Amino acid sequence: MELELSSLYGQDLYTDRGIYVGKIEDVSVDIKEKRISGLAVRNVNPNAFEVSKDKGVIIPYRWVTAIGDVVLIKHVKRRRADVVAKEEEGEGEGGEKAVEI
Amino acid sequence: MMKMSSLMLSNKKVVDTEGGEVGVLHDIVADAGTGILTELVVKPAAELDTSKFKTDDGYLFIPFDTVTAIKDIIVVDIKQIREHVRAATAQKSVAF
């Protein structure tokens, strides 16, 4: 399915277990790899990610499981963005991580 | 810096490898499953001859493969674009 990046702006992001994550503000693209690298999310639900007030997170695009009227990502246990980052580094998949922005 | 904000990319000027102005970037199309970027959606410059491009609804659709640089402006390979359009036209004439 083809997708215009601008159609993602402002979409609500949930986990596949129905937990609200936040609102997509921007899409990060990797120019060299020619693919979407992550979703920049604002208005982050503190029950999904523990981030400082007024901060957002970048969700790695490979966490995305569905794009429809809303966007779903695979469920992650509530954890701090930097903890996620550390765990993700271990997986070695191009350094993708949920980083606080 | 290889990761860029797509919001920052929109309205960037798009030029071809022969120095011609193509237009400004309007949107990017990607495959939802893989996240692979497939096409640039470009608002054509007023004086551009759009017959050499794939167009839809007044916008140019340029294969992402033809992008040679993205910095302050976006550079696309005009020869590759012509080849893509020629290939697409050839396919159409086979189908009919």
Side-chain angles (χ1 to χ4, degrees), chain A residues 1-14 16 22-43 55-74 81 85 88-89 93-101, chain B residues 1-17 22-44 53-77 80-81 84 88 91:
Chain A
M1 192 189 79
E2 294 211 311
L3 161 82
E4 294 191 344
L5 296 195
S6 65
S7 69
L8 291 173
Y9 305 149
Q11 280 221 43
D12 287 321
L13 187 68
Y14 295 86
D16 56 10
K23 204 173 263 302
I24 299 171
E25 188 184 67
D26 196 0
V27 180
S28 168
V29 294
D30 188 320
I31 297 305
K32 204 173 176 193
E33 299 288 325
K34 298 185 176 177
R35 59 168 68 220
I36 302 172
S37 56
L39 304 174
V41 177
R42 290 275 175 195
N43 187 27
K55 292 272 190 171
V57 288
I58 293 183
I59 304 288
Y61 190 76
R62 65 185 174 83
W63 290 8
V64 173
T65 57
I67 296 179
D69 295 329
V70 298
V71 180
L72 299 182
I73 60 166
K74 68 181 182 189
E88 286 296 310
E89 272 168 23
E93 284 203 34
E96 284 181 316
K97 49 193 141 171
V99 282
E100 198 171 299
I101 48 172
Chain B
M1 195 192 68
M2 286 304 161
K3 286 184 184 169
M4 295 181 102
S5 147
S6 60
L7 273 180
M8 300 288 281
L9 285 176
S10 63
N11 292 321
K12 258 197 207 301
K13 190 185 276 193
V14 181
V15 301
D16 66 41
T17 37
V22 179
V24 292
L25 186 67
H26 174 71
D27 208 342
I28 299 175
V29 181
D31 181 274
T34 60
I36 290 172
L37 307 176
T38 54
E39 283 178 315
L40 301 177
V41 186
V42 178
K43 192 174 189 296
F53 294 88
K54 177 186 163 192
T55 54
D56 187 17
D57 207 16
Y59 289 98
L60 311 175
F61 285 76
I62 299 177
F64 206 90
D65 290 346
T66 67
V67 174
T68 58
I70 300 185
K71 291 279 165 61
D72 298 325
I73 56 166
I74 299 169
V75 184
V76 292
D77 189 326
Q80 281 190 48
I81 293 172
H84 271 279
Q91 257 181 358

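Lettering of chains follows the sequences in order, A, B, ..., and the numbering in each one begins at 1. Owing to the predicted nature of the structure, the values given are computational and were not obtained by experimental measurement.
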Novice: Can you tell me how far the CG atom of A/Asp26 sits from the CG atom of B/Leu7, to the nearest 0.5 Å?
Specialist: 3.5 Å
Novice: To the closest 0.5 Å, what do you measure between NZ (A/Lys32) and CE (B/Met4)?
Specialist: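 CE of B/Met4 is found 14.5 Å from NZ of A/Lys32.
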Novice: Would you say that more than 12 heavy atoms from the other residues, nucleotides or ligands in this model lie under 6.0 Å from the NZ of B/Lys12, or not?
Specialist: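 Atom NZ in B/Lys12 is crowded, with more than 12 foreign heavy atoms closer than 6.0 Å.
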Novice: Is the number of heavy atoms from other residues, nucleotides or ligands under 6.0 Å of A/Lys34 NZ greater than 12?
Specialist: yes
Novice: Say you draw a straight line from CD1 of B/Ile74 to CD1 of A/Ile31; how long is it, rounded to the nearest 0.5 Å?
Specialist: 7.5 Å
Novice: Find the one option among A/Thr65, A/Asp30, A/Val29 whose heavy-atom pairs under 4.5 Å with chain B are most numerous.
Specialist: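 Looking at each option in turn, the highest pair count goes to A/Val29.
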Novice: Ignoring hydrogens and angles, write down the donor-acceptor pairs under 3.5 Å from the side chains of residues 29-38 of chain B, residues two or more places apart or on other chains.
Specialist:
unit_1, atom_1, unit_2, atom_2, d
B/Asp31, OD1, B/Gly33, N, 3.0
B/Asp31, OD1, B/Thr34, N, 2.9
B/Asp31, OD1, B/Thr34, OG1, 3.1
B/Thr34, OG1, B/Ile36, N, 3.2
B/Thr38, OG1, B/Val29, O, 3.1

Novice: Between the main-chain N or O of A/Val27 and the side-chain N or O of B/Ser6, is there a donor-acceptor pair closer than 3.5 Å?
Specialist: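 At least one qualifying donor-acceptor pair exists.
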Novice: At under 4.5 Å between heavy atoms, what parts of residues 61-70 of chain B are in contact with chain A? List them by residue number.
Specialist: B/Phe64, B/Asp65, B/Val67, B/Ile70
Novice: For A/Met1, does the CE atom sit with more than 12 other heavy atoms under 6.0 Å from it, leaving out its own atoms?
Specialist: yes
Novice: Heavy-atom pairs under 4.5 Å with chain A: which of B/Val41, B/Leu9, B/Asp27 has the most?
Specialist: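 Top count of heavy-atom pairs under 4.5 Å with chain A: B/Asp27.
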Novice: Going from OG on A/Ser6 to NE2 on B/His26, what distance comes out if it is rounded to the nearest 0.5 angstrom?
Specialist: 6.0 Å
